[in-house]
Amino acid sequence: MRRMKKYPFREIEQKWQKYWEENRTFRAVEDPSVPKERRRYVLDMFPYPSAAGLHVGHPEGYTATDIYCRFLRMKGYNVLHPMGFDSFGLPAENYAVQTGTHPRTTTEANIRRFREQIKSLGFSYDWDREVSTHEADYYRWTQWIFLKLWEQGLAYVAEIPMWYCEALGTVLANEEVLATPEGPRSERGNHPVERRPLRQWMLRITQYADRLLEGLEGLDWPESIKAMQRNWIGRSEGANVRFTVADGATGSASTREIEVYTTRPDTLFGATYMVLAPEHALVAQVTTPEHAGEVRAYVEAARLKSDLERTELNRDKTGVFTGAFAINPVNGKEIPIWISDYILVSYGTGAIMAVPGHDERDWEFAQQFGLPITKVVARTPQEDPAEPLREATPQYGFAVNSGEFDGLPTEEFKDRIIAWLEERKIGERTVNYKLRDWIFSRQRYWGEPIPLVNCEGEFVPIPLDQLPLTLPEVERYTPTGTGESPLAAVTEWVECECPDGSGKKGKRETNTMPQWAGSCWYYLRYLDPKNDRALADRDKIDYWMPVDLYVGGAEHAVLHLLYARFWHKVLYDIGVVNTDEPFLRLVNQGMILGEGGQKMSKSLGNVINPDVVVQKFGADSMRVYEMFMGPLRQEKPWSTQGLTGVFRFLDRVWRLTERPLSAKAAPEELLRLLHKTIRKVSNDTNELAFNTAISQMMILVNELYRYETRPREIWDPFVRLLAPYAPHIAEELWEMMGKAAPVSLAPWPEYREELTRDEQVTVVLQVNGKVRSRMEVPAGTDKATLQTAAAQNERIQEYTGGRSVLKVIVVPDKLVNFVVN
RNA sequence: GCGAGAGUGGUGAAAUUGGUAGACACGCCAGAUUUAGGAUCUGGUGCCGUACGGCGUAAGGGUUCGAGUCCCUUCUCUCGCACCA
């Protein structure tokens with residue numbers, strides 16, 4: 001036998017997973033003696049337990065947080081690190097529609113599989129805190145929060161045009177609809193969606209728009225995610241201005257007004273026409289009889305236009321004249337009123353004043369229909385106001401052709417004109433948002449029932465102490481297609497007594513909540529998962545919250561992460577939680593691509609199954625490889641070759657045990673390398689720079705191979721450094737060394753600063769910035785000595801000989817540079 | 001178009017404050033070993049050149065003794081938003 005068998009990762013991994021489970025090694029306890037600054041709440045985005053099982057993307061983020069948590073525990077922190085399942089959702093229900101299998105059955109089977117797969121990777125979760133959002137004990141509190149929102153006036157029913165998805169049989173929130181080249185599509189499943197006027201439950205997230213925006217400032221989140229949220233909220237400042245409709249052709253006096261929203265009230269003098277959205281309420285009223293036919297036809301065409309056509313890029317502007325005129329309040333001029341579908345009824349007031357000189361869209365429209373263009377903003381105060389515009393100039397500048405306001409810079413003009421409008425009560429400063437209220441109800445079965453009863457037209461909440469309102473069993477899961485959920489067919493569930501005790505007959509709300517509801521607050525339930533008196537005990541909330549580090553994919557930028565922040569702020573306002581924001585620091589792990597660098601997908605056949613990897617190479621190899629691939633936040637392609645490289649590393653670590661442990665002092669060189677390694681691994685792990693930490697451990701292992709024996713002085717701290725990364729093999733090595741398990745809770749090694757500094761350093765000798773030679777000197781050698789020694793160097797003399805030295809740059813421990821002519 | 005980010009060997013990637021570009025790993029080449037193990041061990045491996053040397057971090061310019069790193073211009077790619085007045 002020349003060498004031992006390949007390291008027995010299967011036995012080792014099973015052994016230690018069993019050990020951790022039996023000993024509940026990673027149970028988190030609220031120990032009051034640990035001060036707040038020594039506690040950490042590290043959270044993973046919990047998975048939706050799909051039928052496909054775990055994919056290699058899941059373990060990436062989970063491994064990162066796991067290493068970080070294990071590191072923190074060894075550093076003496078009290079760490080909360082839980083896991084659970086986002087288990088309501090459409091796939092299980094769609095499967096139920098096809099097969100008749102209860103979604104609970106498939107969901108729970110999937111959860112068992114996920115849990116097993118996650119456990120097979122050796123993550124240090126406190127499994128006592130596991131939650132699943134579909135369980136009545138959990139959604140009882142989701143319903144409780146909904147009723148709190150209702151009490152606060154933040155939940156209401158409205159009939160507005162909603163995104164409806166035929167394929168999913170339900171309405172969707174704005175956030176769940178994507179604009180694609182094929183038109184609007186559902187975020188889940190990529191099905192076509194269309195707008196339909198429907199009556200649905202809404203949550204007043206817009207009331208929190210400003211706070212959701214401001215709250216971003218203090219968060220340690222990726223700039224891109226913050227930008228996406230800001231963009232989605234879309235706050236803009238401007239003014240509403242009311243224009244009087246001029247007497248029409250009929251000559252009758254009119255007091256009708258049209259209100260517009262503009263972010264450029266300073267361009268009011270340049271408003272040469274007005275445009276209403278086709279759906280605007282005043283369209284019919286202002287239209288003159290001779291234009292009525294044309295207008296009616298345009299409105300009808302706009303209504304029938306598919307969303308594909310309406311969202312198509314760069315299409316030409318269309319519109320028709322109503323025959324009516326409005327009076328521009330600043331100069332009394334009559335301006336024509338048009339309608340066009342480039343104006344959205346849902347934004348601002350659904351009407352605009354058009355300033356073609358300084359807005360590209362208005363310019364385009366004016367060109368199309370030959371409407372007048374007036375210049376009211378000049379680039380410089382010297383510019384000739386009469387010089388015509390060649391294109392729309394939206395940039396700020398100085399007012400021209402604006403009467404008494406001429407010469408004012410844009411910023412100042414805005415304030416002046418708003419004051420002017422407010423004085424005359426024809427307008428006021430206004431803030432607008434792109435953010436719309438959250439369409440919250442779904443016409444589906446597999447979700448939390450909304451705990452309200454319709455008692456003769458009035459909604460009455462189910463008393464909090466009677467929650468949960470559980471999902472009834474149904475015959476069929478198929479969406480009705482009539483805008484009602486399958487629950488509507490369960491007569492004995494729908495018909496009930498009014499919960500207010502009046503004895504009136506009531507009908508239960510049959511819509512359910514969207515999948516986002518459960519994930520809006522799951523991080524709070526982990527704190528106290530079995531509590532039946534509150535969603536979580538306030539002391540436990542105070543003990544752990546807010547979440548210190550939240551790791552997950554970037555795909556939830558404006559869905560989950562915005563909704564959860566909204567609910568959290570409401571919970572804060574009613575005194576349930578201790579902070580205004582739930583997640584202090586957010587890190588998005590980069591996607592793992594297939595071997596060819598493309599997205600993993602079934603159709604490309606490049607999907608890597610983590611089960612197979614664990615089976616063939618072990619959990620430790622999987623973990624270390626996923627972290628060694630590259631920076632956590634970066635997208636990176638999978639490489640089976642790379643995986644075997646990591647496997648070889650762990651195998652080499654294992655084979656080092658063939659060499660006898662030695663109690664003798666380690667060679668100084670090795671000791672110095674150890675202390676450098678401790679420093680680098682500590683710093684890098686703390687910064688989630690796992691790839692470079694692993695490199696450093698590889699360097700140490702390579703070096704250890706140069707010695708016949710394994711100095712205990714090196715081996716012991718090395719095993720501890722390795723423990724967060726490859727915990728199974730580390731536990732085994734720890735035990736083999738005769739130490740008491742578990743290494744997972746052993747103290748993190750400390751480094752001695754003086755041993756991390758080299759005694760001898762290589763100083764580079766340069767001539768005109770080019771490296772010509774090197775020399776070894778003791779660290780800290782002073783400048784003068786370095787310069788003298790360098791000047792005597794043969795190679796340097798060759799290059800400096802016969803030339804005059806203009807300057808010498810000496811950087812101690814780094815270089816000496818001779819500047820010659 | 002707007003917003004965010006990224007461009008370094010054949011590949012994944014390293015590189016305090018500007019100070020030896022390419023650590024570590026894969027792959028490849030040569031050798032040792034002959035074991036059938038996604039083997040192991042030793043050495044080599046940015047490009048051009050026999051060599052002295054020269055050239056190299058998307059391209060061009062600038063600051064500096066010195067630039068992957070700082071500044072300007074341009075190009076490419078990824079992601080997000082997209083008629084939001």
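Throughout, a chain's letter reflects where its sequence line sits, starting with A, and its residues are numbered from 1.
- Each side chain to side chain donor-acceptor pair (under 3.5 Å) pair with one or both residues in residues 688-700 of chain A, not counting sequence neighbours, appears once here: T677(A)-Q696(A), D684(A)-T692(A).
- Between D210(A) and R235(A), at least one side-chain nitrogen of the basic residue sits less than 4.0 Å from a carboxylate oxygen of the acidic one, meeting the salt-bridge criterion.
- RNA chain B is contacted by both F617(A) and E223(A); E223(A) maps to the nucleotide lying nearer its 5′ end (nearest heavy atom per residue).
- Of all nucleotides listed (A13(B), A85(B), G53(B)), A13(B) comes nearest to the side chain of Q634(A).
- Qualifying ring pair (Phe, Tyr, Trp, His ring centres under 6.0 Å) partners for W363(A), counting only residues two or more places apart in sequence or in other chains: none.
- Using atom C1' as the reference point in both C65(B) and A14(B), the two lie 26 Å apart (nearest Å).
- The main-chain N or O of V377(A) is found under 3.5 Å from a side-chain atom of H358(A) such that the two form a donor-acceptor pair.
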Short heteroatom pairs, N/O only, protein and nucleotides 64-69 of chain B, under 3.5 Å:
| unit_1 | atom_1 | unit_2 | atom_2 | d |
| --- | --- | --- | --- | --- |
| C65(B) | OP1 | K807(A) | NZ | 3.1 |
| C65(B) | O2' | N817(A) | ND2 | 3.4 |
| C65(B) | O2 | N817(A) | ND2 | 2.7 |

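- Remark: Y799(A) is in phosphate contact with G53(B), judged by side-chain N or O atoms under 4.0 Å from OP1 or OP2.
- Contacts of residues 686-694 of chain A with RNA chain B (heavy atom under 4.0 Å): N691(A), T692(A).
- The side chain of K616(A) lies closest to G38(B) when the candidates are G19(B), A85(B), G38(B).
- Residues F818(A) and Y799(A) have side chains not in contact (no heavy-atom distance under 4.5 Å, counting atoms from C-beta outward).
- Between R679(A) and R706(A), the residue anchored nearer the 5' end of RNA chain B, judged by the nucleotide with its closest heavy atom, is R679(A).
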Check your understanding: With the sugar-phosphate defined as primed atoms, P, OP1 and OP2, and the base as all remaining atoms, what B/S/- string results for nucleotides 76-81 of chain B, 5' to 3', for protein heavy atoms under 4.0 Å?
Key -> ----SS

Contacts under 3.5 Å, N or O only, protein and nucleotides 25-27 of chain B:
| unit_1 | atom_1 | unit_2 | atom_2 | d |
| --- | --- | --- | --- | --- |
| A25(B) | OP1 | N702(A) | ND2 | 2.9 |
| C26(B) | OP1 | R648(A) | NE | 3.4 |
| C26(B) | OP1 | R648(A) | NH2 | 2.9 |
| C26(B) | O3' | Q641(A) | OE1 | 3.4 |
| G27(B) | OP1 | Q641(A) | OE1 | 2.7 |
| G27(B) | OP2 | R648(A) | NH2 | 3.2 |

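- If you check every strand for non-hydrogen atoms under 4.0 Å, R772(A) touches sugar and phosphate atoms only.
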